[in-house]
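Here the structure comes first, spelled out in structure tokens, and everything after it is commentary.
Keep in mind that what you see is a predicted model, and the values were worked out from it rather than measured.
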Amino acid sequence: MSTNATTTSREWQAFWLAIGFLTRMPMLIQIDYSQRLMNQSSLYFPLVGLLLGTCYAGTYTLLTLAFSPLISILLVVILHLWLTGAFHEDGLADSVDALGGGYTIEKRLEIMKDSRIGTYGTVALVTTLALKVALLTEARPVWLALLAAPMVSRLTPLLIMGYLPYVTDPDKSKSKPVADGFSRTRLAIAAAFTIVASLVLTQYQPWILVWGLCATLGVALAWGSYLRSQLGGYTGDSLGASVVFSELVLLLGLTI
């Protein structure tokens with residue numbers, strides 16, 4: 001097999017591996033799994049977000065034919081939690097529990113590995129889900145918010161991965177293959193894709209693109225700085241939390 005064919009096959013597998021990692025959707029091709037391939041799959045996180053957003057926007061449009069906007073939004077949020085396995089929300093709960101309940105880096109990392117959810121995590125989940133529904137109810141237009149937010153928000157963890165060290169015990173973390181040595185070249189490609197796709201989606205409202213980029217960069221900077229001070233770097237759970245935070249900030253802008 002030629003070098004080009006091998007590269008194309010590897011990238012195709014990386015794309016499907018990203019789908020399998022971020023969602024419950026079955027991978028429809030055979031994957032030659034490796035740590036390197038898992039690392040490469042991070043490039044496709046925004047694309048997977050766009051695919052999810054397309055599903056959410058389409059589902060919302062169909063649901064509004066029979067239900068009120070609020071009920072339709074609630075059903076779409078439930079669909080999101082099911083399709084993703086509440087992957088990022090789980091990371092948010094674990095991160096808030098750890099950062100709120102630990103007084104040393106070691107203790108915070110220990111709490112973050114605990115599968116049980118505490119008071120801080122529960123409060124974070126309830127408030128963020130309630131805020132998400134409220135913001136989607138007020139967002140204009142709703143379909144664009146549902147379509148673009150999942151894509152743009154999934155660029156944030158890539159920015160954090162590109163500039164902070166990984167601190168969780170790699171032998172006990174399911175996100176180790178994604179976290180080790182993420183290429184800044186692939187980060188640049190993912191960022192370019194997100195910007196171009198956002199331009200296409202928001203061509204009649206360019207301020208949405210500007211706000212989306214500000215939300216992504218702002219959360220990456222603020223959350224990344226906080227993680228550096230509290231943990232010395234990032235963990236897999238904290239990357240999931242960054243997606244939730246970015247999405248909420250982006251939706252906040254769409255309510256203006």
Side-chain angles (χ1 to χ4, degrees), residues 21-24 45 49 52-53 56 60 70-139 145-146 149-150 152-154 156-157 160 164 166-169 172-176 178-179 215-216 218-220 222-252 254-255:
F21 184 72
L22 294 179
T23 76
R24 291 178 177 269
F45 283 8
L52 288 171
Y56 300 156
Y60 172 79
L70 176 58
I71 292 176
S72 299
I73 288 171
L74 285 169
L75 291 173
V76 169
V77 170
I78 292 172
L79 173 65
H80 156 72
L81 295 174
W82 179 74
L83 280 178
T84 63
F87 187 52
H88 303 304
E89 288 77 10
D90 176 68
L92 171 68
D94 288 342
S95 296
V96 174
D97 272 336
L99 295 171
Y103 295 98
T104 65
I105 292 179
E106 292 73 19
K107 186 61 177 178
R108 289 169 191 143
L109 293 176
E110 179 184 342
I111 294 174
M112 202 170 289
K113 295 171 187 174
D114 193 330
S115 60
R116 295 170 295 182
I117 185 172
T119 301
Y120 293 122
T122 301
V123 171
L125 279 178
V126 172
T127 54
T128 53
L129 286 174
L131 180 58
K132 182 176 181 177
V133 171
L135 292 175
L136 283 171
T137 302
E138 297 294 327
L146 290 169
V152 176
S153 63
R154 280 163 178 77
T156 308
I160 294 175
L164 283 182
Y166 185 57
V167 296
T168 298
D169 180 356
K172 298 181 180 179
S173 174
K174 62 185 177 183
S175 58
K176 173 199 174 194
V178 178
T216 300
V219 170
W223 183 236
S225 298
Y226 184 69
L227 292 174
R228 184 188 293 273
S229 68
Q230 297 297 306
L231 297 175
Y234 69 87
T235 67
D237 286 322
S238 67
L239 294 180
S242 74
V243 172
V244 177
F245 292 145
S246 290
E247 196 168 49
L248 291 177
V249 174
L250 176 58
L251 293 177
L252 183 63
L254 295 181
T255 64

*For the residue pair Ile117 and Ala93, what are the closest heavy atoms and their distance?*
CD1-CB, 3.9 Å
*Sort and list the pairs that fulfil salt bridge (charged side-chain N to carboxylate O under 4.0 Å, His left out) and have at least one residue in residues 226-235, not counting sequence neighbours.*
none
*Check: Ser153 side chain, Ser246 main-chain N or O, donor-acceptor pair, under 3.5 Å*: no
*asked:* side-chain contact (heavy atoms from CB on, under 4.5 Å), that's the test. Do Thr156 and Val243 meet it? Break it down for me.
replied: CA-CA 6 Å; Thr156 308; Val243 172; 5.7 Å; no
*Partners meeting side-chain contact (heavy atoms from CB on, under 4.5 Å) with Tyr60 (sequence neighbours left out)*: Thr64, Pro69, Ser72, Ile73, Val76, Val142, Leu146
*Reported NE2-to-NE2 distance for the pair His88 and His80, which is rounded to 0.5 angstrom*: 7.0 Å
_Parallel, tilted or perpendicular: rings of Phe21 and Phe45 (30°, 60°)_ = parallel
*Just jot down the salt bridge (charged side-chain N to carboxylate O under 4.0 Å, His left out) partners of Glu110, sequence neighbours excluded, or say none.*
Lys107
*asked:* Once side-chain contact (heavy atoms from CB on, under 4.5 Å) is applied, do any residues pair with Leu131, and if so which ones, sequence neighbours excluded?
replied: Leu135, Leu248
*Pairs flagged by salt bridge (charged side-chain N to carboxylate O under 4.0 Å, His left out) wherever residues 124-135 is involved - sequence neighbours left out*: Lys132-Glu247
_Could you tell me if the side chain of Leu92 sits less than 4.5 Å from the side chain of Phe245, heavy atoms only?_
yes
*Could you give me the CA-CA distance, side-chain angles and deciding distance for Asp237 and Asp90, then say whether side-chain contact (heavy atoms from CB on, under 4.5 Å) is met?*
CA-CA 7 Å; Asp237 286 322; Asp90 176 68; 4.2 Å; yes
*Any residue meeting side-chain contact (heavy atoms from CB on, under 4.5 Å) with Leu70, in chain and number order, not counting sequence neighbours*: Ser68, Leu74, Val133, Thr137
*So how far is it from Ser238 OG to Tyr166 OH, rounded to the nearest 0.5 Å?*
9.0 Å
